Engineer: 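Got a structure for you, written out below as structure tokens; questions coming shortly.
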Amino acid sequence: MSFREDGAAALEWAARYLERVGELPVLAQVEPGEIRERLPASPPEQGEPFVNVLRDLDEILLPGMTHWQSPRFFAYFANSASEPGILAELLAATLNSVAFLWRTAPASTELELLTLDWAAQLLGLPEAWHGHIEDTASTSTIAALAAAREANGGSVVVCSEHAHSSVDKAARLLGLEVRKIPCDDDFALRPEALDLTDAAAVVATVGTTSIASVDPVAAVADACARSGVWLHVDAAYAGSAWVCPEFRWSQSGVERADSLVVNAHKWLFTPMDCSLLWTSRPEDLRRAFSLVPEYLRTSEAVDSLSDYGPALGRRFRSLKLWAVLRCYGREGLQARIREAVRLAELFESWVEAEPGWEVCAPRHFSLVCFRREGSDEENEGILERVNRSGELFISHTRVADRYVLRLAIGSDRTAEVDIARAWEALRSTA
Ligand SMILES: *Cc1c(COP(=O)(O)O)cnc(C)c1O
């Protein structure tokens, strides 16, 4: 078989998958170890045709997949890999460039800088910022906090009690201590409670993971400026909403940040993985990460993006982001974000109107936090049963010490009929 024929079969598989993913059980209906048991324990001695891989993908692996591309995937932060992004991934793998120096992949380096400038324009961020791509928000935050530590020598990372666990992990890796600040009734960091003693950085979150609450970034920026502390903004999920002017209220103060992370692989229709890290202080990132051994020395007077983060070898991630931004344009992105928020609003209105159910936190974007009146155990039971049904997949959190269900809309394949099916399944299960 040739690359062309196998490739056509793989593309056909991808197209068929996307057509039927809405009919598959969203959460994998398997027990731990079940998939591995069905696979040979040792590799083949002789090579096999590629069609065998496709066959086993269908027959063995697919039943063990939780379908993130399903229109009824509502857990965590739902995302979607759009068609232009999927195709660009194929092309990036074909080129297989490793962009650690400018000369090892000039187009990759320059396109990455350009697409981050484009994305900054789309989201309304300051023009002068330097942006590059990391794999995940976890890595972006490690990079930002390493730069902060380098810049001011502090030993503490300050964030709210609702900051993402990646902040704790980054601090642990960097040998920094974490200081958690209590939140107000809207689950936002209370700026008057900020204690910046020995602080290297404050991480403010726009769109927290549990409930998508928004920290008062402008007030935090004031405190950081007074104390010379680095301000890192984690907008991994909600930052994509800034493509629409009506959500820019949540951006207030972000223009004064030292660094900002937004995950294009979360709500900007770009396949995993593509985390956008901007900084107003690129020289501090370089100070934290630049390291040029003799074998990487070149004569060009240009920046290498490996000088801005932990990894040396870098994939051509900007190709898929570029493809998405070009194929949708500002208007296409806005329409998709607005539709997700409209569906979340609609779902929220159904919950509010139904006796015996309640909305548990203010909804700012496309995440609805809700619960059935009754005990935590009853709500956990509802979650377990609807997820096991395969009809939809939701996740949970704790808000004000109560078990709360989360329904997050982020796929551009989700339609009104999907949230109607989800609501029907939840009501009949309860
Ligand atoms: C999802 C999320 C993260 C972690 O993102 P990864 O890319 O998986 O590391 C961090 N912060 C917030 C607010 C998030 O929503």
Side-chain angles (χ1 to χ4, degrees), residues 66 68 73-81 85 119 123 131-146 157-174 178 180-181 183 187-189 201-217 220 231-242 247 250-251 254 257 259-278 309-311 314-315 317 320-321 337 340 344 361 363-369 394-397 399 406-411:
T66 291
W68 284 75
F73 185 109
F74 301 119
Y76 313 110
F77 282 120
N79 60 12
S80 62
L123 303 185
H132 77 278
I133 302 178
E134 294 289 343
D135 52 3
T136 58
S138 305
T139 306
S140 292
T141 293
I142 290 169
L145 296 184
V157 178
V158 181
C159 60
S160 97
E161 53 187 317
H162 283 290
H164 189 266
S165 61
S166 57
V167 177
D168 301 76
K169 200 186 256 189
R172 197 194 291 181
L173 261 168
L174 294 166
V178 176
K180 297 262 164 107
I181 305 297
C183 287
F187 313 103
L189 181 148
V202 178
V203 179
T205 311
V206 176
T208 58
T209 308
S210 273
I211 45 207
S213 56
V214 176
D215 286 339
V217 180
V220 175
L231 172 58
H232 176 57
V233 175
D234 179 356
Y237 153 69
S240 297
W242 297 334
F247 298 112
S250 63
Q251 198 184 58
V254 172
S259 55
L260 163 72
V261 58
V262 176
N263 275 355
H265 66 240
K266 235 170 211 165
W267 202 12
L268 216 54
F269 316 105
T270 307
M272 254 316 262
D273 46 5
C274 192
S275 179
L276 315 183
L277 176 61
W278 283 279
R314 317 180 71 257
R315 299 183 338 104
R317 292 194 186 88
K320 58 188 172 186
L321 179 61
I337 296 276
R363 184 198 49 75
H364 300 303
F365 306 100
S366 66
L367 169 68
V368 184
C369 292
I394 55 170
S395 59
H396 80 281
T397 188
V399 176
R406 295 169 75 264
L407 181 128
I409 298 171
S411 168

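Predicted, not measured: the structure shown is a model, and the values here were computed from it. In listed order, ligands and their atoms are each counted from 1.
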Engineer: Short question: side chain of H232, backbone of V203 - any donor-acceptor pair under 3.5 Å?
Structural biologist: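 No: the side chain of H232 does not pair with the backbone of V203.
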Engineer: Which bit of A137 gets closer than 4.0 Å to ligand 1, counting heavy atoms only: side chain, backbone, both or neither?
Structural biologist: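 Both of them.
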Engineer: Would you check whether Y237 has a nitrogen or oxygen atom less than 3.5 angstrom from a nitrogen or oxygen atom of ligand 1?
Structural biologist: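 Among all N and O atoms of Y237, none is under 3.5 Å from an N or O of ligand 1.
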Engineer: Has the side chain of K320 got a donor or acceptor atom that lies under 3.5 Å from a matching backbone atom of P271?
Structural biologist: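 Yes, K320 side chain to P271 backbone: donor-acceptor pair under 3.5 Å.
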Engineer: If you count the atoms of ligand 1 from 1 in the order shown, which ones are under 4.0 Å from a heavy atom of H164?
Structural biologist: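 Contacts of ligand 1 toward H164, numbered from 1: 2 (C), 3 (C), 4 (C), 10 (C), 11 (N), 12 (C), 14 (C).
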Engineer: Nearest protein heavy-atom contact for atom 9 (O) of ligand 1: which residue, which atom, what distance?
Structural biologist: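 The protein heavy atom lying closest is S138 OG, 2.5 Å.
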Engineer: Number the atoms of ligand 1 from 1 as they appear, then name those within less than 4.0 Å of a heavy atom of D234, with their elements.
Structural biologist: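 Within the 4.0 Å cut-off of D234, ligand 1 contributes 10 (C), 11 (N), 12 (C), 13 (C).
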Engineer: Decide, yes or no, whether a salt bridge links D273 with R315 under the criterion of side-chain N to carboxylate O below 4.0 Å.
Structural biologist: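 A salt bridge is present here (some side-chain N lies under 4.0 Å from a carboxylate O).
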Engineer: Report the part of Y76 in contact with ligand 1, treating N, CA, C, O as backbone and CB onward as side chain, heavy atoms under 4.0 Å; options are side chain, backbone, both, neither.
Structural biologist: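 The answer is neither; Y76 stays 4.0 Å or more away.
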Engineer: Which ligand 1 atoms does H265 reach within 4.0 Å, using its non-hydrogen atoms?
Structural biologist: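 Checking each atom against H265, I get 7 (O).
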Engineer: Considering both backbone and side-chain atoms of T208, is one of its nitrogen or oxygen atoms within less than 3.5 Å of a nitrogen or oxygen in ligand 1?
Structural biologist: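 Min N/O separation from ligand 1 is not below 3.5 Å for T208.
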Engineer: May I ask you to decide if L174's main-chain N or O and R172's side chain share a donor-acceptor pair within less than 3.5 Å?
Structural biologist: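 Not at all, since once roles are kept as given, no pair shorter than 3.5 Å links the two residues.
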Engineer: Find all atoms of ligand 1 within a distance of less than 4.0 Å from any non-hydrogen atom belonging to S166, and give their numbers and elements.
Structural biologist: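 Here the atoms of ligand 1 in question are 10 (C).
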Engineer: Among side-chain atoms of S140 and S275, is any donor-acceptor pair under 3.5 angstrom?
Structural biologist: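 There is such a pair (donor and acceptor under 3.5 Å, judged by atom type) between the side chains of S140 and S275.
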Engineer: Measure T136 to ligand 1 on non-hydrogen atoms and call it side chain, backbone, both or neither using the 4.0 Å cut-off.
Structural biologist: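 For T136, backbone and side-chain atoms both sit under 4.0 Å from ligand 1.
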Engineer: Do the rings of W267 and Y237 sit parallel, tilted or perpendicular, given the 30° and 60° boundaries?
Structural biologist: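 Correct class here is parallel.
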Engineer: Taking T208's backbone N and O only, do any of them form a donor-acceptor pair with S213's side chain (distance below 3.5 Å, no angle check)?
Structural biologist: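 Checked: no pair found.
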Engineer: Please could you name the atoms of ligand 1 that G207 approaches to less than 4.0 Å, counting only its heavy atoms?
Structural biologist: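 Selected atoms, number and element: 13 (C).
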Engineer: For ligand 1, which atoms, with element, lie under 4.0 Å from some heavy atom of T209?
Structural biologist: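 By the 4.0 Å cutoff, the relevant atoms are 12 (C), 13 (C), 14 (C), 15 (O).
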Engineer: Can you say whether the rings of Y76 and W68 are parallel (under 30°), tilted (30 to 60°) or perpendicular (over 60°)?
Structural biologist: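 Ring orientation of Y76 relative to W68: parallel.
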Engineer: Using a 4.0 Å cut-off to any heavy atom of K266, which atoms of ligand 1 qualify?
Structural biologist: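 Those of ligand 1 that fall under 4.0 Å from K266 are 1 (C), 2 (C), 3 (C), 4 (C), 5 (O), 14 (C), 15 (O).
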Engineer: Could you tell me whether the side chain of S138 and the main chain of S166 form a donor-acceptor pair under 3.5 Å?
Structural biologist: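 No; judged by distance alone, with no hydrogens or angles, the pair does not exist.
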Engineer: Below the 3.5 angstrom mark, is there an N/O of T205, backbone or side chain, next to an N/O of ligand 1?
Structural biologist: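 In this structure, T205 places no N or O atom under 3.5 Å from an N or O of ligand 1.
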Engineer: What atoms in ligand 1 come closer than 4.0 Å to a heavy atom of F77?
Structural biologist: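 Numbered from 1, ligand 1 contributes 15 (O).
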Engineer: Polar-atom distance check: N263 versus ligand 1, any N or O pair below 3.5 Å?
Structural biologist: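 Indeed, backbone or side chain, N263 has an N or O that close.
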Engineer: Is there a donor-acceptor contact under 3.5 Å linking the side chains of T205 and H164?
Structural biologist: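 No pair is found: no donor N or O on one side chain lies under 3.5 Å from an acceptor on the other.
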